[in-house]
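Below is one structure, written out as structure tokens, with a few remarks after it.
Remember, predicted model here, so these are calculated numbers, not experimental data.
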Amino acid sequence: MIGHNVEGPFSGAFRDQMYIVEMPLSEAPLCISCCPVKGDLLVGCTNKLVLFSLKYQIIDEEFSLLDFERSLVIHIDNITPVEISFCVGYVAVMSDLEVLILKLESGPKNGERVHHHPHKTNDQMRWTEEGISNEISQLESDFVICQKPLELLGEKSEQSGLSVTLESTGLADEKRKYSHFQHLLYRRFAPDISSYGLSDDIKLHSLQLLPIYQTGPLTSDGKNLSQEKELLSLFCFFSLPHVGYLYMVVKSVELMSVYQYPEKSQQAVLTPQFLHVITRIPTVANRLDSYGWSNNLQCFTVRCSAAAAREEDPYMDTTLKACPPVSMDVCALRIQLFIGLKAICHFKNHIILLTKADPETIPERRGSPKRLLSRKDTSVKIKIPPVAEAGWNLYIVNTISPVQLYKEMIDYSNTYKTAKTQSCIHLLSEAHLLVRAALMDASQLEPGEKAELLEAFKESCGHLGDCYSRLDSQHSHLTLPYYKMSGLSMAEVLGRMDWTVEDGLQKYEKGLIFYINHSLYENLDEELSEELAAKVVQMFYVAEPKQVPHILCSPSMKNINPLTAMSYLRKLDTSGFSSILVTLTKAAVALKMGDLDMHRNEMKSHSEMKFVCGFILEPRLLIQQKKGQIVPTELALYLKETQPGLLVASVLGLQKNNKIGIEEADSFFKVLCAKDEDTTPQLLVDFWEAQIVACLPDVLLQELFFKLTSQYIWRLSKRQPPDTTPLRTSEDLINACSHYGLIYPWVHVLISSDSSADKNYTEDLSKLQSLVCGPSFDIASIIPFLEPLSEDTIAGLSVHVLCRTRLKEYEQCIDILLERCPEAVIPYANHELKEENRTLWWKKLLPELCQRIKCGGDKYQLYLSSLKETLSIVAVELELKDFMNVLPEDGTAAFFLPYLLYCSRKKSLT
């Protein structure tokens, strides 16, 4: 026995010997529990629990010891623990009639220092067992006062009346592992008032905390991607002799299942897959009606895996994944008769049973009844043999493998295969949960077993999908997620269906219709055969005829015979289901048939706006996806050539109704026009312009402005004409929306001065100029992209001068225009030099014109006429004295005299 001198030298022999760790207690221990995750020990004493933390002490490089340190005392007044359970900070305490669950937490509460203020209660309001006994002795009447049953969940459990305080006993220099606690559950049961003492028929037993871990997803070969265990969910079980209770206590505290035993229970043990219960039943021993006892070992299903699956996967209970409900009734799997069962425990896939043949009751009762009633023998004496007690046996039983039990349950479910009952679903759900629970504890399995379990899991999902597909109930929608989890293709699912016709009428249930409808909407990249596609259309024509046009637009229905499709569409017309969607679908099918006349007739039957609405109802008439790629339909390709305006308007409608994203729409037009990523087709430019006209939010506007101006500039710089005729001219855009502004008058003068301008680029230039003249355009954002557009051409010059003007660089623009296009200077000044910029007439424009006239040259006459107009404006704006000051000193008096006379007379004229 190794004492406390753990630092002493160790010889090699000690490494192979058992050693004992002493943990002194001030009070007698009543019960003990070991944390299955950390290895810490919790010892229950009267009115308190003592926590011993497991520590590893390293003696040298090759030798280490386990030791326990008393780190925490949990004081719980007015309760005597009969059983306790401890798991990663969760504490469950059970007395004869009460259960309390706490969660120990570390760190300061709400970022502040924690001070515990126990809930104060009046002792007279709480009846303990001792209090009841004392009160009973004082009562002269036949009444006994007992507390009523009580269940408090979450924060309400603080009102239980139990005073709980924490006392840290670890070393002062070490960080406190647990500093405060949280109440999770308090449950109290009523005593049997038929007797003054507590009967065994109402005492609780078998308290247990069961953890379920999250070990990471499984790969296809059954290996875990992560081997670190993380607590996923925690369950608490306790039992009365005839009823068992299972609670979930991690994220929320709720009662999951209640177990009703057919006989009185003696002990129970909970596993992730089953609840094993020892029950006792009396048996007649002999002709004198003396009674003995026999035991049954009963096995019940549990819902732990169903609850844990919902904690683990956020996609559970959606169209992607499903799991049987936690609220589903539990059931007993099998009952095995044993003799003398005393105790049971569980480890991995083993059940350990302790039995003892109990011979004392029958021989003693064969004696005289008078002897049993004598005062000297008030109790039955047990005769102890002279040698050690015999009859004890220990059995280790391997539980049946999950896969084998699953197969038995599936075989049994085949008796319900053709029956549309809930019994089949219940049995298959139990089988599914059995496999799911085994997969959650996959670290205990061999790789081959994991692969087998994964296959069984998929198979169980397929069986559940089959059941829900045959039921017309509120849960028929579960067909979809179960079939998805099964990994079955749509063709394989259809192959499992029973297509026999009963009484000459084929009926299809909601579950199957729901699955097929969703599958056809989800672009599964699976093309059905012609035969299966025809069956699907027939199915929907019978069950949901309004969905037939949508079904025919699915890429999975590509192989359907066009004649078959057209026949069902015509049946819809004659049945009164005629709609714009039916018309568009018929037009699309007519193209596949090569019947252009039928197509044209269908496309003439409604207005363009109604067709746009039809495409919004079913976008797959224009756009489909295959293997993640955008694929235009045959109808879209035909509309590109015949009705491009309708095509652009329809795609715009899809975008405004969130049926297609911005990038998807751009990709669609590039694929439609067979252009690569670096080339922008005119139809896409038409679409961008249509978006501008549609007045999209400001966040998208600047991006559209950038796309359009970049394209306009690229075409102008490369002298690249559009590949098709634009749907809108610049005038159309200006009239349609305010984002395209009126082009300034001086720009027209500037452009008209270039007699060699190419008419092929006029529209792109006008649209670019109109955007720059618009009120919404951010000029600064386009300046870096103007470099390819040379100022050597009048087109490029007009755009550069427009941008500088919008940036209020008027003096620089005047210099450029005087040099390149003097005839545009006066229109420019008239339009731009107003209000606070009006002084530039005489401070900038007048001196520049005078200087250039002095130099002469080819543009002398243009400068001279511009000077005369400038003097006329300045003479009106300035007083005579100021006007004379701005005139050049070396100018000819006769030339300036008329303007001086006008300036001096303007007051008298006004």
Side-chain angles (χ1 to χ4, degrees), residues 549-550 552-555 579-626 629-677 679-696 700 704 707-708 711 722-729 732-733 736-737 763 767:
H550 297 282
L552 291 173
C553 295
S554 171
S579 67
I580 185 63
L581 192 55
V582 174
T583 301
L584 283 173
T585 309
K586 288 169 68 177
V589 174
L591 280 180
K592 291 183 179 181
M593 297 169 59
D595 193 340
L596 296 182
D597 291 335
M598 182 188 297
H599 170 82
R600 294 189 194 99
N601 291 334
E602 296 294 339
M603 296 302 292
K604 291 178 182 178
S605 59
H606 296 283
S607 65
E608 182 175 296
M609 184 55 66
K610 283 190 175 182
F611 282 130
V612 171
C613 294
F615 287 123
I616 293 174
L617 291 174
E618 184 46 79
R620 292 177 298 178
L621 282 164
L622 295 176
I623 305 170
Q624 295 184 355
Q625 285 192 351
K626 291 183 179 178
Q629 301 295 322
I630 296 287
V631 179
T633 63
E634 187 176 350
L635 178 59
L637 291 168
Y638 190 76
L639 290 178
K640 177 178 76 78
E641 304 297 334
T642 58
Q643 294 178 275
L646 171 60
L647 180 62
V648 170
S650 299
V651 178
L652 180 62
L654 294 179
Q655 183 188 347
K656 292 183 70 174
N657 287 273
N658 299 319
K659 296 297 182 70
I660 188 174
I662 296 175
E663 295 182 0
E664 290 178 312
D666 291 358
S667 299
F668 166 74
F669 282 107
K670 289 183 178 181
V671 175
L672 181 71
C673 301
K675 302 293 182 181
D676 55 31
E677 286 296 324
T679 306
T680 303
Q682 175 58 39
L683 205 59
L684 178 55
V685 176
D686 292 329
F687 176 66
W688 290 340
E689 291 172 349
Q691 288 180 287
I692 295 286
V693 174
C695 298
L696 294 178
L700 301 176
L704 284 172
K707 289 179 179 179
L708 285 169
Q711 185 61 24
D723 55 342
T724 58
T725 303
L727 295 179
R728 284 186 172 93
T729 65
D732 295 334
L733 293 172
C737 72
E763 278 303 319
K767 290 176 180 179

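- Separating the CZ atom in Phe687 from the CG atom in Leu672 is a distance of 12.0 Å, to the nearest 0.5 Å.
- The distance from atom CG of Leu584 to atom NE2 of His606, rounded to the nearest 0.5 Å, is 8.0 Å.
- When all heavy atoms are compared, the tightest approach of Ile692 to Cys737 is CG2-SG, 4.0 Å.
- Although no hydrogens or angles enter the test, the distance criterion places no donor-acceptor pair under 3.5 Å between the side chain of Thr583 and the main chain of Glu602.
- One finds no salt bridge joining Glu689 and Arg728 here, because no Lys/Arg side-chain nitrogen approaches an Asp/Glu carboxylate oxygen to under 4.0 Å.
- With Asp723 contributing its side chain and Gln682 its backbone, the two residues share a donor-acceptor pair below 3.5 Å.
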Checklist entry - Please walk me through it: do Gln625 and Val631 pass side chain to side chain contact (heavy atoms under 4.5 Å, CB included)? => result CA-CA 6 Å; Gln625 285 192 351; Val631 179; over 6 Å; no
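- In this structure, CD on Glu641 lies 8.5 Å from CG on Leu637, to the nearest 0.5 angstrom.
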Q) So Phe615 and Asn657, side chain to side chain contact (heavy atoms under 4.5 Å, CB included) or not? Walk me through it. A) CA-CA 11 Å; Phe615 287 123; Asn657 287 273; over 6 Å; no
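- Under the ring-ring contact (aromatic ring centres under 6.0 Å, His included) criterion, His550 pairs with no residue, sequence neighbours left out.
- Looking only at atom types and distance, the side chain of Gln643 has no donor-acceptor partner in the side chain of Glu608 under 3.5 Å away.
- Annotation for Met609: atom CE does not count as buried by contact number, only 12 or fewer foreign heavy atoms lying within 6.0 Å.
- Here the CG atom belonging to Leu591 is positioned 9.5 Å from the CZ atom belonging to Arg600, to the nearest 0.5 angstrom.
- Considering CE of Met603 and OG1 of Thr642, their distance stands at 7.0 Å, rounded to 0.5 Å.
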task = Could you go through the side chain to side chain contact (heavy atoms under 4.5 Å, CB included) check for Leu733 and Lys767 one step at a time?
result = CA-CA 8 Å; Leu733 293 172; Lys767 290 176 180 179; 3.9 Å; yes
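- Using cut-offs of 30° and 60° on the angle between ring planes, the pair His599 and Tyr638 is perpendicular.
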### Message
Leu683 vs Asp686, test: side chain to side chain contact (heavy atoms under 4.5 Å, CB included). Steps then yes/no.
### Response
CA-CA 5 Å; Leu683 205 59; Asp686 292 329; 4.0 Å; yes
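- With values rounded to the nearest 0.5 angstrom, Leu617 atom CG is found 11.0 Å from Cys553 atom SG.
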